[in-house]
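Data first, discussion second: the structure below is written as structure tokens.
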Protein chains: 2
Amino acid sequence: MNAKTSSLPAERKRGSGVKLVYDMLRDEILKLTLPPGSPVDEVQLAERFGMSRTPIREALVRLASEGLVETLPNRSTLVSNIDVLNLHTFFDAITLMYRVTTRLAAQHHRSEDLVAIRAQQAKFAAAVAMQDALAMISTNRQFHAAIAEAGRNPYYYGLFVRLLDDGRRILRLYYQSFDDRLPEEYVHEHEDMIAAIAARDIARADTLARAHADQIVRQIQRLFAADTRQDIPL
Amino acid sequence: MNAKTSSLPAERKRGSGVKLVYDMLRDEILKLTLPPGSPVDEVQLAERFGMSRTPIREALVRLASEGLVETLPNRSTLVSNIDVLNLHTFFDAITLMYRVTTRLAAQHHRSEDLVAIRAQQAKFAAAVAMQDALAMISTNRQFHAAIAEAGRNPYYYGLFVRLLDDGRRILRLYYQSFDDRLPEEYVHEHEDMIAAIAARDIARADTLARAHADQIVRQIQRLFAADTRQDIPL
DNA sequence: AGTATGCAACTTGTCGACATAAATCCAGCG
DNA sequence: CGCTGGATTTATGTCGACAAGTTGCATACT
């Protein structure tokens with residue numbers, strides 16, 4: 001609303017339009033700037049980005065195929081809801097992906113992968129040190145995505161980043177509704193995971209990944225439990 | 001080429017265009033009617049389907065986001081290649097998904113799921129009985145997709161169907177280059193899996209799924225090993 | 001007064017056309 | 001004879017406009 005997120009309609013390079021819109025919308029959806037369920041108007045976006053509806057539509061098709069927006073035929077397209085009821089499927093899948101990608105990273109990583117992973121971990125530690133919840137959320141995703149990339153399995157990588165993105169929305173929901181109590185132990189857990197990967201200790205990488213996932217799952221579950229509990233004195 | 005796969009340009013319902021093109025192209029890609037690496041021309045498709053380029057493009061964007069086609073900026077878009085070099089990542093992922101989805105089906109299935117699974121299994125058995133390799137490939141996919149659906153985890157389901165589709169292309173490659181020697185033991189393995197799921201025996205479901213996956217993986221590996229081996233007498 | 005019906009405004013789906021970036025071809029030069 | 005450079009050609013990316021479907025409101029009818 002205020003401080004219009006205007007993008008100056010300066011001339012873009014041919015073909016950059018769709019990617020621009022896609023990245024922008026994706027980021028706003030994951031940051032909950034576009035809240036779940038809110039309608040996405042094509043002409044509005046068209047004039048906001050200073051382009052025609054065609055590239056907007058292509059970006060929306062991409063977002064729809066990734067499940068970030070839902071498009072009702074001949075009606076509006078909406079930002080997808082966060083399915084709070086089926087969170088257990090999310091927990092199950094992300095725990096498995098944490099384990100599998102970390103194991104594979106321990107097996108297949110090369111030296112340059114460790115550099116990338118450590119760089120992301122540095123950014124993550126900085127975000128935690130500054131108590132910047134938003135930066136922590138996105139750098140945490142980058143950290144684990146880097147590990148998944150070192151595992152060199154595009155199938156796992158694709159599912160994992162999708163899960164991490166969904167997790168970004170959920171975590172964002174968490175940190176905006178509660179005071180930011182940032183868990184520093186994540187930093188140490190990350191360090192341990194890096195060490196296990198570097199040592200190619202697959203069993204230990206698996207154990208750490210599972211513990212890390214359990215940690216995160218429990219924290220989110222605590223949130224939702226606390227959220228729905230009514231404090232009735234008896 | 002011959003027997004033109006023309007679709008009469010009769011008037012379609014508004015909004016059905018994209019889905020039509022998407023389903024058609026997807027099927028042709030998976031059946032290798034459109035071989036990997038072949039270019040996909042927009043105007044050609046446009047006149048073939050009797051519609052404008054716009055819906056064609058949207059279908060291509062969807063296919064691209066699923067990895068079935070690759071679109072080079074400002075250049076042509078090609079049918080994705082089958083990455084023979086990195087087949088092990090495919091084997092690894094599909095084995096895990098076989099196991100996970102079958103386990104979850106044993107846990108969460110309802111009675112109507114078993115009906116759907118048995119229906120697909122019947123079609124699969126019929127295809128094997130008729131020695132119809134193509135029908136076997138697609139019914140096999142439907143069978144395992146039904147199991148995955150019974151597991152009720154959309155994340156796993158999404159990855160699994162993607163893997164099964166990639167597998168469809170690989171198998172198709174197999175059965176068109178070799179004589180069709182259809183393994184009947186798959187039918188029995190499927191039956192055993194259904195029994196384990198119905199009995200909610202998670203451990204047995206896991207074991208069977210792993211064995212089934214190993215079976216398929218070994219068969220494909222045998223193919224590629226035989227394909228590259230040169231028969232040099234010493 | 002409440003409900004059904006028709007009109008109007010808006011949004012999406014599709015179209016044909018234009019602008020632009022690669023690929024190709026041809027000519028000129030070394 | 002081969003290489004470089006520009007014009008041509010082809011296909012993509014984008015645009016503005018039209019058509020069809022949907023929503024909401026106003027009006028009329030029971």
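Residue numbers begin at 1 in each chain, while the letters A, B, ... track the order of the sequences. As the structure is a computational prediction, the values presented were derived from the model and not from experiment.
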Rounded off to whole Å, could you give me the CG-to-P distance for the A/L72 and C/dT12 pair? 10 Å

Nucleotide C/dC15, atom P - distance to CZ of A/R57 in whole Å: 12 Å

Upstream residue (5' side of DNA chain D) when A/M51 and A/R75 are each assigned their closest nucleotide: A/M51

Nucleotide nearest B/N74 when distance is taken to its side chain, options C/dG13, C/dT14, C/dA21: C/dA21

What's the verdict on salt bridge (charged side-chain N to carboxylate O under 4.0 Å, His left out) for A/R57 and B/E58, showing C-alpha distance, side-chain angles and the deciding distance? CA-CA 8 Å; A/R57 274 176 79 74; B/E58 292 197 5; 2.9 Å; yes

B/I56 has an atom CD1; how far is it from atom P of C/dC15, in whole Å? 9 Å

Between A/R53 and A/A46, what is the shortest heavy-atom contact and its length? CG-CB, 4.1 Å

What is the distance from CD of A/E70 to P of C/dT12, rounded to the nearest Å? 16 Å

What's A/E42 touching, base or sugar-phosphate or nothing? Going by heavy atoms closer than 4.0 Å. sugar-phosphate

How close or far is atom P of C/dG16 from atom CD of B/E47, stated in whole angstroms? 12 Å

Comparing B/V43 with A/P55, nearest DNA chain D nucleotide closer to 5' gives the residue B/V43

Do A/Y98 and A/F160 have ring centres separated by under 6.0 Å? yes

Quick one: B/L78 CG to C/dA22 C1', roughly how many Å, whole number? 14 Å

How close or far is atom P of D/dC15 from atom CZ of B/R53, stated in whole angstroms? 14 Å

Give every donor-acceptor pair under 3.5 Å between a side-chain atom in residues 110-118 of chain B and any protein atom, sequence neighbours left out.
from	atom 1	to	atom 2	distance (Å)
B/D113	OD1	B/R152	NH2	3.3
B/D113	OD2	B/R110	N	2.8
B/D113	OD2	B/R152	NH1	2.9

A/Q44 CD to C/dT11 C1': how many Å, rounded? 12 Å

